[in-house]
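Remember, it's 1-based here, ligands and their atoms both numbered in the order they're listed.
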Amino acid sequence: MPTATDISAASAAAACVVETHRRLVDVLAPGRTLAEIDAFIARTLAELDAPSCFLGYKVRGHPPYPSHACLSVNEVIVHGTHDMSAKPLEEGDIISIDIGVRHRGWIGDAAWTYAIRRATPLGASMMRAGRESLRRGIAAMQPGRPLTDWARAVQQCVEREHGFHLVRGLGGHGYGKSLHTAPYIANTMPGFPGEWPDARTLFKPGMLLAVEPMLAATTTEIESLGSAWPIYTADRSLSVHYEADVLIEESGPLNLTAGLFDLPDVVG
Ligand code: MF3
Ligand code: CO
């Protein structure tokens, strides 16, 4: 069980992530390159005393993660890197930015999606669906209820109501003093017993959870190329990603990154 001091440090780490997103809103614009955006994030994190916990992160089969933040444009779902493309952002692009930090010994890890200067009709409706699924999923994270309550709420919103897809095989996670801890938090209901071993785990007070719907326009499948980091939609359709840090309290979920909901969808 985290102590009051732990919770205040975790809240402060989450606040560093939100503040970095806030500052990004004034920087994102047509013409910006991913390298410039990552460099801006690096400077901001240094100023906030909240270094990236993604930079150098090791996952088997991949080189150490090369960027401060994940910058995922259009058909990239997650884990886009600053060096994957030299092409500047263009009007109508969608970029999902995932920022993970360590601050006072605790992790903050949250993502938001922005349209550059204008949103295409598809981009706008996917951003609406993604934000709404995050809001409704979090409301379902009630102590004593199983993790499937989250997945049911998110899936209902994205797939039944909005007609988009949640990509399979990627999900949220516990976090704390390290970026990834149990449980794994799928965004869709298991299709067969054993597909999601943590499905019956209950939300309980003191849990810190990073929950993250990843939507694709027309597929549930993901694809990556060799050992490269970015994960694409298999059919290269548009993708959005929203991630929040949630503390489960006796009284219900507390979104430590709720400030992200105040950010504009369209920037630059
Ligand atoms: N938010 C993502 C996650 O929780 C970001 C990880 S990027 C990595 O898995 F570089 F750290 F892998
Ligand atoms: Co995460």
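- Looking from atom 8 (C) of ligand 1 to the surrounding protein, the closest heavy atom is Tyr57 CD2, 4.0 Å.
- Taking every non-hydrogen atom of Asp98 and a distance limit under 4.0 Å, the qualifying atoms of ligand 1 come out as 1 (N), 2 (C), 5 (C).
- Put simply, Leu247 and Trp106 are part of the same group of oily side chains (I, L, V, M, F, W, Y) that touch within less than 4.5 Å, one to the next.
- For Asp109 atom OD2 and Glu212 atom OE2, the angle they make at the Co ion (ligand 2) is roughly 160°, to 10 degrees.
- Minimum-distance N/O/S atom of His173 relative to the Co ion (ligand 2): NE2.
- For ligand 1, the atoms lying closer than 4.0 Å to a non-hydrogen atom of Leu179 are 11 (F).
- Taking CD from Glu223 and OH from Tyr232, the interatomic distance works out to 9.0 Å, rounded to the nearest 0.5 Å.
- Residue Trp229 approaches ligand 1 through these ligand atoms, each under 4.0 Å from one of its heavy atoms: 12 (F).
- Shown are Ser67, Pro64, Pro66, Cys70; of these, the side chain to side chain contact (heavy atoms under 4.5 Å, CB included) with Trp229 is made only by Pro66.
- Shortest contact from atom 9 (O) of ligand 1 to any protein heavy atom: His180 NE2, 2.8 Å.
- In this structure, Arg136 and Gln156 approach most closely via the heavy-atom pair NH2-CG, 3.9 Å.
- Each of the following atoms of ligand 1 lies closer than 4.0 Å to a heavy atom of Glu212: 1 (N), 3 (C), 4 (O).
- Within Glu243, the N, O or S atom lying nearest to the Co ion (ligand 2) carries the name OE2.
- Of all the atoms in ligand 1, the ones that sit under 4.0 Å from a non-hydrogen atom of His173 are 3 (C), 4 (O).
- The side chain of Cys70, and not its backbone, has at least one atom closer than 4.0 Å to an atom of ligand 1 (non-hydrogen atoms only; side chain from C-beta on).
- Judged by distance alone, the side chain of His103 and the main-chain N or O of Asp49 form a donor-acceptor pair under 3.5 Å.
- Here the protein heavy atom with the shortest distance to atom 10 (F) of ligand 1 is Tyr65 CG, 3.1 Å.
- For Val78, no heavy-atom contact with ligand 1 is shorter than 4.0 Å.
- Among the candidates Ile37, Asp38, Val73, the single residue satisfying the side chain to side chain contact (heavy atoms under 4.5 Å, CB included) test with Ile97 is Ile37.
- Within the 4.0 Å heavy-atom criterion, both parts of Phe54, backbone and side chain, lie near ligand 1.
- Applying side chain to side chain contact (heavy atoms under 4.5 Å, CB included) to His21 and the options Ile99, Ile41, Thr44 leaves one that passes, Ile99.
- The shortest N or O to N or O distance between Glu243 and ligand 1 is under 3.5 Å.
- Note: the hydrophobic cluster containing Leu208 does not contain Ile185 (ILVMFWY, side chain heavy atoms under 4.5 Å, direct or indirect links).
- Taking each heavy atom of Glu249 and Pro143 in turn, the nearest pair found is O-CG, 3.3 Å.
- By the 4.0 Å heavy-atom criterion, Tyr175 is excluded from the residues contacting ligand 1.
- Ion pair Arg43/Glu47 not flagged as a salt bridge, since none of the NZ, NE, NH1 or NH2 atoms sits closer than 4.0 Å to an Asp/Glu carboxylate oxygen.
- Look at Arg168 and Glu195 and you find no salt bridge, because none of the NZ, NE, NH1 or NH2 atoms lies under 4.0 Å from a carboxylate O.
- Atoms of ligand 1 lying under 4.0 Å from at least one heavy atom of Asp109, given by number and element, are 1 (N), 4 (O).
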